[in-house]
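In what follows, a single structure is set out as structure tokens and then discussed.
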Number of protein chains: 2
Amino acid sequence: MTTKKAAAGTPGKATPRDRLLDAAGELFYREGVGIPTDALCKAAGVSKRSMYQLFDSKDAVFAAALERGAPALVAWLLPPPEGELGPRERLLYVFERLEQAARSPNYLGCPYAAAQVELKDPSHAASVVAARAKRQLVDFFRAEAQRAGVAEPDLLARQLAVVYDGASTRAGIGADDLRGLAVATAATLIDAARLAE
Amino acid sequence: MTTKKAAAGTPGKATPRDRLLDAAGELFYREGVGIPTDALCKAAGVSKRSMYQLFDSKDAVFAAALERGAPALVAWLLPPPEGELGPRERLLYVFERLEQAARSPNYLGCPYAAAQVELKDPSHAASVVAARAKRQLVDFFRAEAQRAGVAEPDLLARQLAVVYDGASTRAGIGADDLRGLAVATAATLIDAARLAE
DNA sequence: AGAACAGGAAACCGATCGGTTTCCTGGATG
DNA sequence: CATCCAGGAAACCGATCGGTTTCCTGTTCT
């Protein structure tokens, strides 16, 4: 048996597959679907030979990169499952995270929204993965809204999803720097929904 | 002197430039930056020869198409300047328009946001045009918010811009069908801003 | 040590792209 | 009628793309 997984943290020593997915996630985000496979492989330090015996196509690499990255992003975005926070704070937590991410000058918006916008085809593998990731967030919003006992949890969840996508998009295209904007907007909507309770 | 502008409405008789910009706007929206120049010219019924003596590059065509389309879209989106509507109704008018547009199964989100997302380069000619168009909308929001006398017109304007971009994006990627969602969300934010007055 | 193999470097291939050029036609001008 | 020219069809060109193949090196297993 061969030693597949290198010791964690050894930079150049990750498996070719992981290096490839890392570079794919990064480059796809920064440069879009257009980046040539050569550039991708060069950045990953992986030969095209290896890439094509690991994946069927460039598109498959992107889909896999998006899929592998989703759990980490969701985990980073959502509050810890067991905490002393109430539903309202748990909801706002997501928007604080968003604003935190958007503070980076390299922020280019939600990678999953971008993926769906760029590859217009909703049946594209990467698009399907992205849609699933996006649904996870609305599901969280809805569950918390329900827990908060608001009158129309589904409405509030969809509203918050709109705010999330709008804020991330606008931050990504440099139209806004949302210092407190996302949190404030979400809070207003949450409070309005609770008043109608 | 030659007759340049054909009689309005005669389908195949528009000037090559107009046919080109029409096709460019349409194809760029539906297919993205990737469409080949051949496809663009074929759809426009224009030879590449004509295209390249009218424009410097494919990118220039896109920028010009976006620029030419902006006034019409803004005019369609905004309420008539002289009307009996109050600021609140004038603001909501935009979101009614958005929902109306999003009802089409061909709706793919705000073309200007999409442009900026696809061509990541903010210095790209088309990106600059798109940014300007987007700014017009926020300016309208701010002006109306001011007219309504809300405490923080700039905050409300930015919030509404977030809702606009979020709703259009989500409708475009098929994540939501916003039946009343955009209007309801905007109304909630407007009313909350007025209460703080 | 020798064999087997994972995997990087790079040549290679056909298709396609953005852009240029050549050629030709049909309608306006004198 | 002779001319002119805007503009479409299409050949063409070099660059680049996605994908395949060949070759070779360093490591691991026996």
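Remember, predicted model here, so these are calculated numbers, not experimental data. All chains are named by letter (A, B, ...) in the order of the sequence lines, taking the proteins before the strands, and each is independently numbered beginning at 1.
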What pairs of residues pass the side-chain hydrogen bond (donor to acceptor under 3.5 Å, both in side chains) test when at least one of them lies in [range], not counting sequence neighbours?
{"range": "residues 143-161 of chain A", "answer": "R90(A)-E144(A), R142(A)-D154(A), E144(A)-R147(A), R158(A)-D176(B), Q159(A)-T185(B)"}
{"range": "residues 103-115 of chain B", "answer": "none"}
{"range": "residues 80-89 of chain B", "answer": "R88(B)-D191(B)"}

> By salt bridge (Lys or Arg N to Asp or Glu O under 4.0 Å), which residues pair with R179(A), not counting sequence neighbours?
Replying inline: none
> Could you give the CG-to-P distance, from L54(A) to dA6(C), as a whole number of Å?
Replying inline: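 Roughly 11 Å, once rounded to whole Å.
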> Within this structure, what is the CD-to-C1' distance between Q53(B) and dG8(D), rounded to whole angstrom?
Replying inline: 11 Å
> Which letter, B, S or -, goes with each nucleotide of nucleotides 14-21 of chain D from 5' to 3', with contact meaning a protein heavy atom under 4.0 Å?
Replying inline: ---SBBBB
>> With a 4.0 Å limit, can you tell me whether S50(B) has a side-chain N or O closer than that to the phosphate oxygens OP1/OP2 of dG7(D)?
In response: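 So the side-chain polar atoms of S50(B) never come under 4.0 Å of the phosphate oxygens OP1 or OP2 of dG7(D).
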> Please, which pairs that meet ring pair (Phe, Tyr, Trp, His ring centres under 6.0 Å) have at least one residue in residues 58-81 of chain A, sequence neighbours excluded?
Replying inline: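 The answer is F28(A)-F62(A).
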